[in-house]
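Following: one structure in structure tokens, then a few remarks.
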Amino acid sequence: MTDTTDSVDVQSPAPDAEPAALEARSLTKHFPVRRGWGLRGGAVVHAVEDVSLVLRRGTVTAVVGESGSGKSTLARMLAQLIKPTAGEVFLDGAPAPAGGRSYAKLVQLVLQDPFASLNPIHGMRYILGRPLKIHGTAEGRASDEAIQDLLRRVALTPAEQFIEKLPHELSGGQRQRVAIARALAVQPRVLLADEPVSMLDVSIRLGVLNLLADLRDRERLAILYVTHDIASARYLADSIAVMYAGRVVEAGPAVQLTDHPQHPYTQLLLSAAPDPDRAEAPSLAGAGSPPSLVNPPSGCRFHPRCPFAMAKCAEQNPPAFEVGPGQTSACWLHETSSTVSATAVEERTTSSASSPSPTSSEPETPAG
Ligand code: SF4
């Protein structure tokens, strides 16, 4: 536990296996706040601070956190819908071109709400045919065949019937599959999925997660999976980055991180994940709530909620300490090989963070 970095880098496993498809380097986003709402003019919301991550082809990287943790803002910066205050995005190892059609062709975003993301007056032929036409992928009769191929790729069969349907004739899960098919229409290399299953019935979430896993394996897509549900992240992702109040606090291989969480916030998240073997309902109640990002806490932003907080925690932001193979944790408990601290973390880990269930309902952490 001697290696440290200023920010937590999130690497997908087997970094040598595939080149980086999309890379965020020290991305930061501060939103200016207008006067009103009890706030002074000139105030800023510190939504994302110094986040670096690498998305590689054929892997899923999950970003997990409560509402307001900055995970969706991070996804929107990667999609170039929001301009970063600082930091850079790299595509295939080179600085990403600024927005526009060429970038959207390679990096696609799937949104949370499948009911709002499809125009209700248009059928599947129009919804899926439009991106094919705009990006010149298929025209005329070829377009119908390409649309049916897209429908089959997301398991909406028989495709000849689905191509005639309107959005209101589809279930939530089927709509989300259409939204994913629309993203696939331009043959992207990177798929950014922002809470893609959180608005779906529990019974159909697994089907959409399995579809994303299938796209990773079959089409070698680099996928960012944004979620508040660490159980589904463990199920789907190869690596996980846990965000709290705009910062990545822990990152590492998905199974290793959820089996041996080292950061107190990751342990808290896991303790609130649903577990069929646990009698009582999961809850984050009593553990406080996320801080204001207009005036975020000094030092470690988790210190007002942390059961292990020390004087130093309120004064200095901890760097990322290496806590296992490919696993880092930004917590002062890892600064030295303090037996007391390490034991305290390990004991809490084993008592509260047994492996979560991938198919269970979402924990009581807010969405977003
Ligand atoms: Fe808790 Fe301090 Fe670690 Fe932050 S740095 S998680 S306050 S022990």
Side-chain angles (χ1 to χ4, degrees), residues 1-10 26 28 46-53 62-71 74 228 230 233 239-252 256-273 282-324 326-353 363 365-366:
M1 288 187 261
T2 54
D3 293 346
T4 66
T5 56
D6 288 337
S7 64
V8 179
D9 283 346
V10 186
S26 300
T28 296
H46 300 76
V48 175
E49 297 280 4
D50 194 18
V51 171
S52 298
L53 93 171
V63 174
V64 181
E66 291 172 271
S67 179
S69 61
K71 57 193 189 301
L74 175 64
H228 63 280
I230 198 166
S239 59
I240 292 177
V242 178
M243 284 189 75
Y244 182 78
R247 289 183 177 144
V248 173
V249 294
E250 184 164 6
Q256 182 182 315
L257 183 144
T258 48
D259 279 350
H260 305 287
Q262 295 298 308
H263 195 281
Y265 178 63
T266 311
Q267 293 163 16
L268 180 66
L269 268 187
L270 280 161
S271 72
S283 175
L284 284 176
S289 53
S292 161
L293 294 180
V294 176
N295 293 302
S298 58
C300 171
R301 290 184 177 180
F302 188 56
H303 83 259
R305 299 172 74 183
C306 181
F308 304 111
M310 307 167 272
K312 183 178 190 176
C313 301
E315 294 160 7
Q316 296 177 46
N317 180 42
F321 295 93
E322 190 172 334
V323 292
Q327 184 175 357
T328 53
S329 172
C331 172
W332 286 121
L333 291 176
H334 311 300
E335 183 182 25
T336 64
S337 55
S338 162
T339 313
V340 174
S341 298
T343 305
V345 170
E346 199 58 44
E347 280 175 355
R348 194 155 190 266
T349 300
T350 37
S351 66
S352 67
T365 45

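These figures come from a predicted structure and were not determined experimentally. Start at 1 and go down the list; that is how both ligands and their atoms are numbered.
- Close approach of ligand 1 to L333 (heavy-atom distance below 4.0 Å) involves ligand atoms 8 (S).
- Taking all atoms of both residues into account, the shortest heavy-atom contact from Y244 to P291 is OH-CD, 3.2 Å.
- E250 approaches H260 most closely through the heavy-atom pair OE2-O, 4.2 Å.
- Between the side chain of S298 and the backbone N or O of A314 there is at least one donor-acceptor pair closer than 3.5 Å.
- Atom numbering of ligand 1 starts at 1 in the shown order; those under 4.0 Å from a heavy atom of P264 are 6 (S).
- Taking backbone and side chain together, C306 holds an N, O or S atom under 2.8 Å from atom 1 (Fe) of ligand 1.
- Protein heavy atom nearest atom 3 (Fe) of ligand 1, with residue, atom name and distance: C331 SG, 2.3 Å.
- The CD atom of E66 sits 7.0 Å away from atom CG of L268, with the distance rounded to the nearest 0.5 Å.
- With hydrogens and angles ignored, the 3.5 Å screen pairs no side-chain donor or acceptor of H334 with any backbone N or O of C331.
- When hydrogens are left out, the protein atom nearest atom 4 (Fe) of ligand 1 is C300 SG, 2.4 Å; that is the closest non-hydrogen contact.
- Among all non-hydrogen protein atoms, the one lying nearest atom 5 (S) of ligand 1 is W332 N, 3.2 Å.
- At the top of the distance list for atom 2 (Fe) of ligand 1, counting protein heavy atoms only, stands C313 SG, 2.2 Å.
- Ring geometry, F302 versus Y265: the interplanar angle exceeds 60°, so the pair is classed perpendicular (tilted spans 30 to 60°).
- Distances from ligand 1 to the non-hydrogen atoms of H263 include at least one value under 4.0 Å.
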